[in-house]
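Chain letters run A, B, ... following the sequence lines, proteins first, then strands; residues in each count from 1.
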Protein chains: 2
Amino acid sequence: MSAKETKDSAPSGSAGEHAPTELSERRSSILEAVVAEYIQSAQPVGSSHVVTSTDLKVSPATIRSEMAQLEQEGYLTQPHTSAGRVPTDKGYRFFVDHLAAPSSTPAPQVKEVRNFFDQIHGEMEHVLEESSNLLANLTSYASVVVAPGHTTTSIASVQLIALSSTSVLVLVILTDGTVERSTVDLGSAVEAEIVAEASTLLTATYKGAELQALTATPTSPSAEVQRVLTAVSGPLSLLSSDAGEAQVFVGGPSKLADAFDAVETVRSVLSILEQQLVVVSLLRDVLSSGLSVAIGHEHGYEPLASCAVIVAPLEIDGKAAGAVGLLGPTRMQYPAAMAAAKAVGQELSERLSTLGHEVDH
Amino acid sequence: MSAKETKDSAPSGSAGEHAPTELSERRSSILEAVVAEYIQSAQPVGSSHVVTSTDLKVSPATIRSEMAQLEQEGYLTQPHTSAGRVPTDKGYRFFVDHLAAPSSTPAPQVKEVRNFFDQIHGEMEHVLEESSNLLANLTSYASVVVAPGHTTTSIASVQLIALSSTSVLVLVILTDGTVERSTVDLGSAVEAEIVAEASTLLTATYKGAELQALTATPTSPSAEVQRVLTAVSGPLSLLSSDAGEAQVFVGGPSKLADAFDAVETVRSVLSILEQQLVVVSLLRDVLSSGLSVAIGHEHGYEPLASCAVIVAPLEIDGKAAGAVGLLGPTRMQYPAAMAAAKAVGQELSERLSTLGHEVDH
DNA sequence: ATTTAGCACTCAAGTCTACAGAGTGCTAAT
DNA sequence: ATTAGCACTCTGTAGACTTGAGTGCTAAAT
């Protein structure tokens, strides 16, 4: 609601010496201490705790009055009177926007990500799935990779391949190297040459077009060829409608069981992750709002109110195409998780971009 | 350890009137009542409870002494003195083998499964994944589908398709309609005709062979063609090594959070499900032991000691190929779950079999 | 020789009280 | 503005007590 930017002021070195945006320097320090402590311990943080964990030269009483202010302004809450303070969504938001130094990308992680992408090979689906697992293992949070549909790539070739005398396999090969396929029963036997001819005709027609073009079928003077083309047209247009469908890869769902201790929360979050549509729209919403982190109620999904979502965009040749995300409790290790998501997002984007035109770097 | 067969004696109609195999009729009835009650309530079952839920004309005291016997023989335990009885793995085993009438396959479920397979279409992976989800939703347990590698099918065609002047896409098309692919960088520009020639040669060489054959590359008199063949040989043999790799589809992991109330159990079971290798070998072990159900410690995996695994085989044209499984707590709705797994296994087997030769029924 | 009624016994779980400890908010002094 | 001091509040734990479900045993009944 309040802050939209993640990167704003000059990226100073270590934490705690930022230009505060709405909070006095001291309050901001206190807030930082509370958030940091609570992320670690999951226990409400009391005033004397803050005194020992910061280098503020004040007494607990002073901290208390400041914390009371912070509570009134909505950054902190108490589970009950006479307990310590716990950050609210707004508190975490301030922490992420102003206190968690975004420049502190730990080098070893980046190295591990690089290593991974040097090692991994094989089909794109495999790479995406393993990327998701990597991110989950790196961060100990559940991860999500939403891969682009084929909206941007164009058709490289359409092949018909006879599997038997009466059935053919339809392959649509895209310029990024992915393949869509479908088996078609012709009803009666057809000569191999007829199939080949139809195949050539199809490639000639569609080459360079986008998947959406597959709804219009070409015609042929030969009745036999025409029969094949007609039989194939149905499945082809089906493929075109699948074109935009995003693929979702979920990594490390078991991490959720570590992150929450109420089994009911685990259940509901897991079941959200099973609904791919929801996941896709969640990430899209978060991305389009210009945020890279959505905390608690910031995204509209009530079942995920106790979660934070970190999203990094995927880009293929500079164009937005999917996203990688992390799902954890609101008391999340934001700096580390954001760095990991960013690193994986970047490296994966690069990998996806090179896949298409096989650059020799 | 004791019983291996699932279907043995005559399949009588309703429960409770079986020929007892090691237990007196009455004890067996008592055991049945305890298991059934405990599966429902998750509460230890006391002697008076058994009296009301069976039609035995005896007093609680008699039940008690019988239950004490059943405990001594290892079918039941007590969480503590003065609590009711809870089935042991052995108790569940007897229940599954002798008491849960296997013939009671509920018709509506079978119908739902049929419906599903009539509706579902698209790529094989998609069908497998959705089958897994279906099974999970049908039973409210987590489900696993382990799909066959490509060991049995043979090669229908090998296609090289130019994506750019210096890179080609290698497609290996199998007779079951699946496609393996890999992108190859040729290093320098190659004429389209050369690529086409290499493609024809490859198909001629490999057609009808199994994937494993891809390690030996053919040779060509033309130096240019030879260059392409050499460039392609590496990826091809990689594909051949991928051949046997099973695909694992997990459905409804969130159901696990319902099935167990200790979050730690949920975590450990989930993380098992993430290790596909373990899942595959688990199902294989269970299948090969001739059982369709493994309860508690019957499989060797300690982290799954509180789980039962139900497995139904998948067959393609009569040959064993993969399995569908269910993973739930030992206090599982065995009859329903077994029926569902069996139904989905059968229908899916049929579907997989027809995929290859596209029968028109 | 079973079956059963009766009884003593055990244990988990709930209720109540007491109490220590962590933490707050307020007030009055610095 | 800061802080020491104090009263207050709330949680959590521990112990004492009660309740209730359920058992095992024994001796009588069938």
Show me the donor-acceptor pairs, under 3.5 Å and distance only, between side chains in residues 72-80 of chain B and residues at least two apart or in other chains.
unit_1 : atom_1 : unit_2 : atom_2 : d
B:E73  : OE2    : B:R27  : NH1    : 2.9
B:Q78  : NE2    : B:A83  : O      : 3.2

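B:D285 has its side chain out of reach of B:H299: every pair of non-hydrogen atoms, C-beta onward, lies at least 4.5 Å apart. Using a 4.5 Å cut-off on side-chain heavy atoms (C-beta onward), A:L256 and A:T265 make no contact.
For the side chain to side chain contact (heavy atoms under 4.5 Å, CB included) test with B:V311, the passing option among B:V144, B:L327, B:L283 is B:L283; the others fail.
Between the C1' atom of C:dA12 and the CD atom of B:Q43 lies a distance of 12 Å, rounded to the nearest Å.
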Self-check item: Where protein sits on nucleotides 20-30 of chain C, one letter per nucleotide: B base, S sugar-phosphate only, - none, heavy atoms under 4.0 Å
Solution: --BBBB-----
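Listed by chain and number, the residues in a salt bridge (Lys or Arg N to Asp or Glu O under 4.0 Å) with A:E71 are A:R85 (sequence neighbours excluded).
Residue pairs meeting the salt bridge (Lys or Arg N to Asp or Glu O under 4.0 Å) criterion with at least one partner in residues 250-265 of chain A, sequence neighbours excluded, are A:D258-B:R267, A:E264-A:R267. Residue pairs satisfying the ring pair (Phe, Tyr, Trp, His ring centres under 6.0 Å) criterion with at least one member in residues 29-63 of chain A, sequence neighbours excluded, are absent.
Listed here is the closest heavy atom pair of A:S53 and A:A33: OG-CB, 3.9 Å.
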Anything under 3.5 Å between a protein N or O and an N or O of nucleotides 12-17 of chain D, put it in a table, one pair a line.
none

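In terms of phosphate contacts, A:T62 brings a side-chain nitrogen or oxygen within less than 4.0 Å of OP1 or OP2 of D:dT3.
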